[in-house]
Asks: 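Here's a structure for you.
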Amino acid sequence: MENARSTIHGVWSKRLTFILAATGSAVGLGNIWKFPYITGENGGGAFVLVYLVCIAAVGISVMMAEVLLGRRGRSSPVTAMQTLTKESNVHGVWTGIGWMGAIAGLLILSYYSVIAGWALHFIVQSASGAFEGADSAAVGQVFDSLLADPQTLLGWHTLFMVMTMTVVARGVTQGLGRAVEILMPCLFVLLIIMVGYAVKLGNFSEGLAFLFKVDFSKLSAGSVLTAVGHAFFTLSLGMGAIMAYGAYMPDHAPVGKTVVTVAFLDTLVALVAGMAIFPLVFANGIEPSAGPGLMFVSLPLAFGQMPGGLFFGTLFFVLVSVAAWSSSISLIEPFVAWVVEKKLLSRVGASVVLGIVTWTIGLLTVLSFNEMSDHKLFGLTAFDLLDFITANLMLPLGGLFIAIFVGWIMKREIVRAELDAEPEGLFNLWYTVLRYIAPVAVLVVFAYPLIEKFSG
Ligand code: PFF
């Protein structure tokens, strides 16, 4: 029987709804803002290759595992892990997967919201004509003065948190579905238009070479860790977001096809964003390693020069904000769902309380670009440190434990029964990758800096 098991949060009627929600979660700032800037910082092609290999070899298998856990547990990730550890008769410490994820989500949202605030600010800047005919210095000035102004950053961060928590308070089964369905394709079309512009007026061949010409000498142990971390970040993996959405997935719906679709769309958006941005970067003498501002200083230059740029620029930042919005709700949903399930608070109450906690942690990121920019730990600002701890450590670690739990702890028959729509051969391939390749890959990447150190 379809949907025999259900959650107190509801169940989606169709697999398509899961695809939309998961794509809404996956496609966000990670693709359009973070992917280009970390690719720039890590030397281009070789980094992109490692990232692509990680998506294919680790990301897809872990995403299937997360959907499976969520659907079998049919509740928030923490409760799902409690149910499944009991079912497998193992120590409750495995519930830590759910906890670490809920906390990682909250920490990520604290800075994600500040960056989404930049996009909101750029909607207004774009609409008011600030980029019309502007040169790199003028666009850079708009960006730098935003970062230097904690009050403005705080205002946008607050607005974005309110937007996020409003949707979460209403429940994700009725969240942003429609908006995502219409606006994400618009964002994609707009990115393609920007690639067209980059072909015509940017330095397209240099941009493309930077993205796809592999030179392993540019790859450090740190870059490999960043690439692996980003594969998890961009697919929303390792922290229960996809698990939380998996809880709403109908029984017997094929997981493999669904997950591959989501991963494909996500990767496509990142690569297209890179192809729009890097030709502009090279044509305008911007440093590829300029850091988090890369997208915010390159694209407005193009909008300032192209016909209809005022409209396209404004629309672009609206769409980026919506993409960030549909991701942000999935960052906090695991925690909120748990509080609601435990009947600690109503959904609205949980959203308000956790929203305030996240907003407060976000102050660290707001200040890390100005007042606190000299306060560093291990050479990193508060923002860089939060990003490093969550994306490079917590998510891959979460993914590692998920792979071990599904691959080694849950009974094979149960796992097979959950994935009953998959053909035998594909199931075996996935199961092998999940048991061996995914954990070993993450472990090697974690151990690599140590190996490098001790081998001299
Ligand atoms: N995948 C989102 C992005 O690329 O912007 C960010 C994200 C959302 C990460 C949800 C993790 C998560 F659970």
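Note that this is a predicted model, so its numbers are computed, not measured. As the structure lists them, so they are numbered: ligands from 1, and atoms in each ligand from 1.
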Asks: Considering only distance and modelled atom types, tabulate donor-acceptor pairs under 3.5 Å from the side chains of residues 38-65, sequence neighbours left out.
Replies:
| unit_1 | atom_1 | unit_2 | atom_2 | d |
| --- | --- | --- | --- | --- |
| T39 | OG1 | F35 | O | 2.7 |
| N42 | OD1 | S223 | OG | 3.0 |
| N42 | ND2 | I38 | O | 2.8 |
| S61 | OG | V58 | O | 3.0 |

Asks: Can you tell me how the ring of Y112 sits relative to the ring of F233, calling it parallel under 30°, perpendicular over 60° and tilted otherwise?
Replies: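 Ring orientation of Y112 relative to F233: tilted.
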
Asks: Does some side-chain heavy atom of F122 sit less than 4.5 Å from a side-chain heavy atom of L146?
Replies: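 Contact flag for L146/F122 side chains = yes.
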
Asks: Give one line per pair: atom of ligand 1, protein atom, distance. Only N/O to N/O under 3.5 Å.
Replies:
| unit_1 | atom_1 | unit_2 | atom_2 | d |
| --- | --- | --- | --- | --- |
| ligand 1 | 1 (N) | S25 | O | 3.2 |
| ligand 1 | 1 (N) | A26 | O | 3.0 |
| ligand 1 | 1 (N) | F233 | O | 2.8 |
| ligand 1 | 1 (N) | T234 | O | 3.1 |
| ligand 1 | 1 (N) | S236 | OG | 3.0 |
| ligand 1 | 4 (O) | A26 | O | 3.0 |
| ligand 1 | 4 (O) | G30 | N | 3.4 |
| ligand 1 | 4 (O) | N31 | OD1 | 3.4 |
| ligand 1 | 5 (O) | L29 | N | 3.1 |
| ligand 1 | 5 (O) | G30 | N | 2.7 |
| ligand 1 | 5 (O) | Y112 | OH | 2.5 |

Asks: Is it true that a side-chain atom of N284 and a backbone atom of L280 form a donor plus acceptor pair closer than 3.5 Å?
Replies: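 Judged by distance alone, yes, a pair lies under 3.5 Å.
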
Asks: State which residues pass ring-ring contact (aromatic ring centres under 6.0 Å, His included) with F278; sequence neighbours excluded, sorted by chain then number.
Replies: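 By the ring-ring contact (aromatic ring centres under 6.0 Å, His included) rule, F278 matches F210.
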
Asks: Under the ring-ring contact (aromatic ring centres under 6.0 Å, His included) rule, collect the residues that match up with F212, sequence neighbours excluded.
Replies: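 Once residues adjacent in sequence are excluded, F212 has no partner under the ring-ring contact (aromatic ring centres under 6.0 Å, His included) criterion.
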
